[in-house]
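Just so we're clear, the structure is a prediction, and the values are computed from it rather than from any experiment. Residues take their numbers from the sequence shown, with the count starting at 1.
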Amino acid sequence: MSDAQRAPDDEPSLRDAISAAMGANAAGPADDAPQTPSEPEPPAGDEPRSVETIAPPAAWSATAKARFQSLDPVIQQEVLKREKDMEQGKAQWDQKGERLNRLDAILNPRREKLRLAGMDDARAIEALFAAQDLLERDPVSGVGYLARHYGVDPSRLVQGGQGQAEASPPPMHPAIQHLAQQVGSLQSAFAQQQAEAHRKGLARHAADIQAFRDSGDHPFFDNVAGHMAELVQSGRAGSLKDAYDAAVWANPETRTLLIQREQDQRRTEAEAAARAKADAARHAAGSITGSPQPGASPALAGPAPTLRDELARAFSNAS
């Protein structure tokens, strides 16, 4: 069913919307990757500027994306530049390949006949354009040449034309013709409404998907976009978030990275909690042992006297 024949409430599929969103970014995030030129050292006393994260190329695997952030920013920028050049070159070759494929679709059924006539693709196309030029320059001579070339008597063309004219149907009644025109106009207007409703629905889906993709919270979107579309279309996921989580977990590569990330996060949280507990214990110990005894001089404070020390001091005072 064409776009013009869809019902007005026939929303475009998420797969079509994902394709539209990704097509708008054919070059991948490398085209929109923020440039981070070197900046002078901030003056003393200023707060250091936060380093902006550079997004990895969208076409990379999930593992490569995870390791991209560990690269030096200069290397990241160079990688993104190379990726952009390769995407542009690939787009040019794809356009040329599409043209050649269309040409092959026309010539393939006729190549054997052309070969038997001693012609290749280039000579066959050249002959067709030569005939076209002759017909445009001198239609009468062109038709006569083609008739002689194919062994057709030109007088038969005139007789055939007269026979077709005699067999032509009678003219339509004006009322019926007017009604047919009205029906055609209504059909055209309805088809335009259908196409516009479909276009708006597709644009709305594409905007939502693009915002979800660019939020920064879903780094593996391009790796699982196809599976996400299948989950939503089959009803197994009710939202983009549900589809993303399920697709990432179903993919062995992204699932391994997700588990590793969660383990690293739990380890970091456990280490932070242990450090906070140790700091609290040290603070509590300092509060108990660090306070001087009432009436004692802090400068003379030392270890508590033993029983031997007390007896020696009492004997010394008695003598």
Side-chain angles (χ1 to χ4, degrees), residues 10-36 50-73 75-91 93-94 198-266 268:
D10 185 9
E11 289 291 335
S13 67
L14 181 60
R15 182 187 294 274
D16 296 337
I18 289 179
S19 300
M22 297 180 68
N25 296 270
D31 291 342
D32 299 328
Q35 303 296 321
T36 55
S50 60
V51 179
E52 189 172 2
T53 302
I54 301 176
W60 279 21
S61 67
T63 303
K65 288 180 180 178
R67 298 182 181 179
F68 178 80
Q69 301 302 336
S70 63
L71 299 177
D72 183 271
I75 303 301
Q76 290 179 340
Q77 293 292 354
E78 184 65 21
V79 169
L80 294 180
K81 180 179 180 299
R82 297 294 181 184
E83 286 286 330
K84 181 178 180 180
D85 294 341
M86 292 175 61
E87 288 292 338
Q88 291 176 347
K90 180 178 180 301
W93 280 109
D94 288 345
H198 179 75
R199 185 191 65 78
K200 289 181 178 179
L202 186 62
R204 183 170 59 255
H205 280 313
D208 293 342
I209 293 169
Q210 190 65 30
F212 183 87
R213 176 189 186 186
D214 296 340
S215 65
D217 298 328
H218 316 100
F220 307 127
F221 176 89
D222 295 286
N223 302 94
V224 298
H227 192 191
M228 287 175 60
E230 294 176 2
L231 291 173
V232 173
Q233 288 179 329
S234 64
R236 288 178 289 170
S239 65
L240 287 174
K241 183 65 168 59
D242 294 341
Y244 179 82
D245 292 340
V248 169
W249 187 255
N251 185 295
E253 183 180 16
T254 55
R255 180 172 63 248
T256 300
L257 293 172
L258 185 62
I259 294 174
Q260 181 179 356
R261 178 179 296 180
E262 292 178 351
Q263 291 175 346
D264 293 342
Q265 184 176 358
R266 286 197 297 267
T268 301

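- For the pair Gln210 and Arg213, the minimum side-chain heavy-atom distance is below 4.5 Å.
- Atoms NE2 and CZ, on His227 and Arg236 in that order, are 5.5 Å from each other to the nearest 0.5 Å.
- Taking all atoms of both residues into account, the shortest heavy-atom contact from Ala247 to Leu231 is N-CD1, 4.0 Å.
- We find the CD-OG1 distance between Gln260 and Thr63 to be 9.0 Å, quoted to the nearest 0.5 Å.
- Note: Ser70 OG to Ile75 CD1 = 11.5 Å, rounded to the nearest 0.5 Å.
- Taking CD from Glu78 and CZ from Arg82, the interatomic distance works out to 4.5 Å, rounded to the nearest 0.5 Å.
- At least one donor-acceptor pair under 3.5 Å links the side chain of Tyr244 to the backbone N or O of Phe220.
- What you find for Ala58 and Lys65 is that their closest heavy atoms are O-NZ, 3.3 Å.
- When all heavy atoms are compared, the tightest approach of Ile54 to Gln76 is CD1-OE1, 3.3 Å.
- For Asp208 against Leu240, the heavy-atom pair with the smallest separation is O-CD1, 4.1 Å.
- Here the straight-line distance linking atom NZ of Lys84 with atom NZ of Lys81 works out to 9.0 Å at 0.5 Å rounding.
- Shortest non-hydrogen contact noted between Ala243 and Met228 is O-CG, 3.7 Å.
- When all heavy atoms of Thr254 and Ala62 are compared, the closest pair comes out as CG2-CB, 3.4 Å.
- Using cut-offs of 30° and 60° on the angle between ring planes, the pair His218 and Phe212 is parallel.
- The main-chain N or O of Trp60 is found under 3.5 Å from a side-chain atom of Asn223 such that the two form a donor-acceptor pair.
- Looking at Phe221 and Asp214, their side chains never come closer than 4.5 Å, going by heavy atoms from C-beta outward.
- Of the inter-residue distances, the one linking Glu87 atom CD with Asp94 atom CG reads 9.0 Å to the nearest 0.5 angstrom.
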